[in-house]
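Here the structure is laid out as structure tokens; the discussion comes afterwards.
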Amino acid sequence: MHDLPDGPPPADLPPAERAHTGRLLVVDDDRLQRVLLADVLGAAGHEVETAADASEGLRRLEGAGFDAVLTDVNMPGMDGLALLEALRARGLRVPVMLMTSSPALPSAILAVERGALQYLVKPVAPPRLLAAVADALQGPRDPGARRTSASGLQAAFRQALDASWIAFQPIVRLRSGAVHAYEALVRSRAPALASPAELIDAAERLAGVHELGRAVRAKVAARAAAAPRDALLFVNLHPYDLQDPSLFDPGAPLSAIAPRVVLEVTERHALDTLPDVRERAAALRRLGYRLALDDMGSGHAGLPNLALLEPEVVKIDMSISRGVEERPRQQALVRSLAHLGAELGADVIAEGVETPAERDALLALGCELQQGYQFARPAEAFVVPVGLRSAG
Ligand code: G
Ligand code: MN
């Protein structure tokens with residue numbers, strides 16, 4: 001338990017003006033997760049207790065006195081959803097936030113039906129975690145208020161989706177000076193959820209990831225005819241998209257141009273927690289798609305995902321491109337990934353190249369396919385950067 005250096009929030013202030021700290025229970029079977037979560041929450045002034053499994057959590061909660069519960073979903077024995085159900089069956093109305101690293105639509109729906117307040121995807125970034133907890137502590141004691149804010153997000157998501165458009169950023173082949181491909185990146189003109197990260201975050205919270213993915217893929221397909229004929233099109237998938245039957249539908253708009261399309265899957269989520277990833281990758285290849293592993297080297301699940309997907313393309317994370325000309329460790333990583341690519345028969349693309357020095361160093365290390373502001377920003381038009389040849 002963490003001591004509160006400043007004492008408890010003064011009780012005589014109206015709720016909205018009190019610091020939103022409270023007494024929280026964290027339930028997770030993973031000790032490291034418990035420590036990390038308790039640290040972040042404790043540092044924000046919350047009083048935190050932890051439980052290593054759901055039955056222990058339930059016992060503590062029956063003792064009452066907690067303002068909110070943060071629980072893992074996947075735990076041996078009783079899982080987080082069962083804990084939520086047990087609490088509600090006992091008439092305990094304490095706000096519950098669920099966390100999972102392998103979210104699935106059915107469990108998200110169950111969670112909402114059983115009255116979970118939040119469904120968080122691990123790893124939960126500290127600001128997101130603190131916002132969720134603040135939200136949980138704030139109320140609403142009036143159940144209508146929660147509906148308004150959920151439907152408010154729903155409305156913003158809908159507007160953002162309606163106002164969404166696709167920006168394209170060239171991926172260049174330095175030695176020939178040709179545009180190898182364009183990466184499609186979703187953008188929105190709606191003021192709410194204007195950044196792609198916010199839009200995707202809202203989609204995750206509203207179980208709207210498939211809807212967003214379908215809209216993006218349809219819009220990319222609609223623009224394909226305007227793209228230079230020789231250029232491939234790279235399209236980002238959310239890991240949940242691998243669960244969407246419409247991705248595998250031969251009649252879907254993008255399927256019609258599958259041989260021109262490389263689907264990017266990030267290494268930021270471990271794919272081995274999702275079902276049948278190998279089979280799904282094979283099904284996408286049967287449709288004619290190629291696969292890319294995105295954000296390689298960002299320090300998440302690169303090697304396991306590489307083994308699972310056997311991608312035709314590996315994209316080196318921009319954190320490795322940044323300042324590569326003066327950082328020997330990053331140089332070693334690029335050199336190894338370039339060798340690995342050659343050995344596996346995969347193209348290797350360096351992302352986020354912002355300066356001529358980065359460009360030249362990456363090229364010298366064996367990476368001639370590059371993408372980044374150095375060549376062009378993402379734009380509505382299919383930009384062809386000029387003067388590439390001088391680089392190689
Ligand atoms: O995760 P992914 O690699 O798909 O992310 C691509 C994002 O990176 C896009 O939002 C794009 O706008 C951004 N981006 C593209 N090129 C650069 C660059 O050179 N520098 C930085 N900082 N961001 C870039
Ligand atoms: Mn990408």
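In listed order, ligands and their atoms are each counted from 1.
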For S321, does its backbone N or O pair with a side-chain atom of Q330 as donor and acceptor, under 3.5 Å?
-> no
The Mn ion (ligand 2) to nearest N/O/S of E351 below 2.8 Å | no
Using a strict cut-off of less than 4.0 Å between a Lys/Arg side-chain nitrogen and an Asp/Glu carboxylate oxygen, indicate whether R59 and E49 qualify as a salt bridge.
-> no
Record the part of M318 in heavy-atom contact with ligand 1 below 4.0 Å; permitted values are side chain, backbone, both and neither.
-> side chain
Quick check: does any side chain N or O of R359 sit under 3.5 Å from a backbone N or O of V353, one acting as donor and the other as acceptor?
-> no
At what distance is the nearest protein heavy atom to atom 12 (O) of ligand 1, and which residue and atom is it?
-> R187 NH2, 2.8 Å
Among protein heavy atoms, which sits nearest to atom 23 (N) of ligand 1, and what does the distance come to when rounded to 0.1 Å?
-> Y373 OH, 3.2 Å
Could you tell me whether E312 and R285 have a side-chain N and a carboxylate O separated by less than 4.0 Å?
-> yes
Atom nearest to the Mn ion (ligand 2) - E264, N, O or S atoms considered | OE1
In E183, the N/O/S atom nearest the Mn ion (ligand 2) carries the name OE2
Please report which non-hydrogen protein atom sits nearest to atom 15 (C) of ligand 1, along with the residue it belongs to and the distance in Å to one decimal place.
-> Q169 OE1, 3.1 Å
among protein heavy atoms, the one nearest atom 3 (O) of ligand 1 is E351 OE2, 2.8 Å
Heavy atom under 4.0 Å from ligand 1: found in D294's side chain, backbone, both, or neither?
-> side chain
Ionic contact status for E211 with R158, cut-off 4.0 Å = yes
Metal-centred angle, OD2 of D294 through the Mn ion (ligand 2) to OD1 of N236, rounded to 10 degrees = 90°
With distance as the sole test, does Y289 use its side chain to make a donor-acceptor pair with the main-chain N or O of S255 at under 3.5 Å?
-> yes
Within 4.0 Å of some non-hydrogen atom of G372, the atoms of ligand 1 are 16 (N), 19 (O)
Which atoms from ligand 1 have a heavy atom of P378 less than 4.0 Å away?
-> 12 (O)
Taking heavy atoms and a distance under 4.0 Å, where does E183 meet ligand 1: side chain, backbone, both or neither?
-> side chain
Close approach, G352 and ligand 1, non-hydrogen under 4.0 angstrom = yes
Could you walk me through whether D28 and K122 pass the salt bridge (charged side-chain N to carboxylate O under 4.0 Å, His left out) check?
-> CA-CA 12 Å; D28 200 313; K122 286 193 203 174; 3.0 Å; yes
re atom 6 (C) of ligand 1, the protein heavy-atom contact at minimum distance is L185 CD2, 4.0 Å
Main-chain N/O of V121 paired to R128 side chain as donor or acceptor, under 3.5 Å = no
Shortest protein heavy-atom distance from atom 1 (O) of ligand 1, along with the residue and atom involved = D295 OD1, 3.1 Å
Lys/Arg-Asp/Glu bridge criterion (N-O < 4.0 Å) met for D249, R217 | no
N236 heavy atoms, cut-off 4.0 Å: which ligand 1 atoms fall inside?
-> 4 (O)
Considering all heavy atoms, the nearest E267-G297 contact | OE1-N, 3.1 Å
When rounded to the nearest 0.5 angstrom, what is the spacing between CG in L61 and OG1 in T71?
-> 9.0 Å
Looking only at protein heavy atoms, identify the closest one to atom 22 (N) of ligand 1 and say how far it is in Å.
-> E354 OE2, 3.0 Å
